[in-house]
Amino acid sequence: MESNTSFGRNVLQIQGFNISPEFTYPLFFLLLFVYVSLLLSNIGVLVLIIIDRSLHQPMYILFCNLSVNDVIGNTILLPRLMTDIISTERLITYNQCVAQAFYSHTFGSASHMILIIMAVDRYVAICHPLRYGSVMTTRTVIWLSTSAWGVSVVLVSILIGLTVRLSRCRSLIQNAYCDNASLFKLSCEDVSINNIYGLFFTVLLFSSSMGSIAVTYFRIALICRIKKNEELTNKALQTCASHLVLYLIMLWSGFLTIILHRFQNYPDLRKIAYILFHVVPANLNPIIYGMQTRLLRQKIMQILCRKVTHS
């Protein structure tokens, strides 16, 4: 049931999850474990790449982008979500809610952009290995990464900007977190422009990522089929399968979140899909990419062996 109770002009109430008391702390500690594990794994990979000069290569710069994005995106979501789970009053200021929505949407947009660049990187590495060093230079990857973040920030700034211009007649965020759709639903004004731009933003983002990844993977599969080289095929499967699985998880959880905003009968499913969109790729990225990348895997094993020896 929607509440229009006033908590003050700039204070909002978050609906959150309807959790039985006996499940409150188990859920809290589960999310805490998930958050700490993704922090340790992503920051660990990030620090290793920064301090080891042999890892200062284009591919590892992309890993850094992914890790930074995962840490920021989940830090914006999970600590606040854990606090609300054990709190009796789920209150947040309007400015904090806008900030969470902005960073959360930027995280989602940047995730797609970075995975597009990674797909292109894999295509050049597999299909044009002799040209890889001249095409995917450090300068090129830094420029592509900066562009990915820049485009994400611009698109999301317009998305959130169209929402903050609206007046508010409600104070209940019908979600477990703040996002753009939950914010503009606080208004009693006409939100047609918000819906149109939101649709444009979603179609542009998803069609760009799906189209780019489909084209690059199709070309990789075509090259493998034409050359009929077992080593090339194994390399393609090893490097592309994990990337594709993580992309599909992110894609479908994102799709569910967007679609279920249109259906009010499944609020908890929408909230869970959004959380999965954040935490599943963030936990799997350092494990899969770290262990499937030979040089990075060797560095991790060297550190682990060194610690075991010293102990």
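Side-chain atoms are counted along with the backbone in the values below, which use heavy atoms only and exclude waters and symmetry mates. Positions are given from 1 along the sequence.
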Evaluate Phe201 against Phe206 for ring-ring contact (aromatic ring centres under 6.0 Å, His included), listing each step before the verdict. CA-CA 9 Å; Phe201 174 80; Phe206 278 80; 8.9 Å; no

Can you list the steps and then say if Met210 with Leu251 is a side chain to side chain contact (heavy atoms under 4.5 Å, CB included)? CA-CA 9 Å; Met210 290 171 66; Leu251 185 69; 4.0 Å; yes

With side chain to side chain contact (heavy atoms under 4.5 Å, CB included) as the criterion, how do Ile173 and Gln15 come out once you've worked through the C-alpha distance, each side chain's angles and the decisive distance to 0.1 Å? CA-CA 6 Å; Ile173 295 289; Gln15 187 179 63; over 6 Å; no

Walk me through whether Cys97 and Leu183 qualify under side chain to side chain contact (heavy atoms under 4.5 Å, CB included). CA-CA 8 Å; Cys97 196; Leu183 278 171; 3.7 Å; yes

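The closest donor-acceptor contact from the side chain of Thr140 to the backbone of Met136 lies at 3.5 Å or more, if one exists at all. Between the Ser20 side chain and the Glu22 main chain, no donor and acceptor come within less than 3.5 Å of each other. No donor-acceptor pair under 3.5 Å is formed between the side chain of Gln100 and the backbone N or O of Tyr177. In this structure, Ser67 contributes its side chain and Cys64 its backbone to no donor-acceptor pair below 3.5 Å. A donor-acceptor pair under 3.5 Å links the side-chain atoms of Asn42 to the main chain of Leu38, judged by distance alone. Side-chain N or O atoms of Ser109 include none that pairs as donor or acceptor with a backbone N or O of His105 at under 3.5 Å. Between the Arg131 side chain and the Val124 main chain, no donor and acceptor come within less than 3.5 Å of each other. A side-chain donor-acceptor contact under 3.5 Å links Arg170 to the backbone of Ser187. In this structure, the side chain of Gln174 does not engage the main chain of Ser182 through any donor-acceptor pair within 3.5 Å.
Remark: aromatic rings of Phe23 and Phe28 are distant, center separation not under 6.0 Å.
Transitive grouping of hydrophobic side chains (ILVMFWY, heavy atoms separated by less than 4.5 Å) keeps Leu276 and Phe33 in distinct clusters.
For Arg219 and Tyr123, the positive end is not near the middle of the six-membered ring at less than 6.0 Å and at most 45° from its axis.
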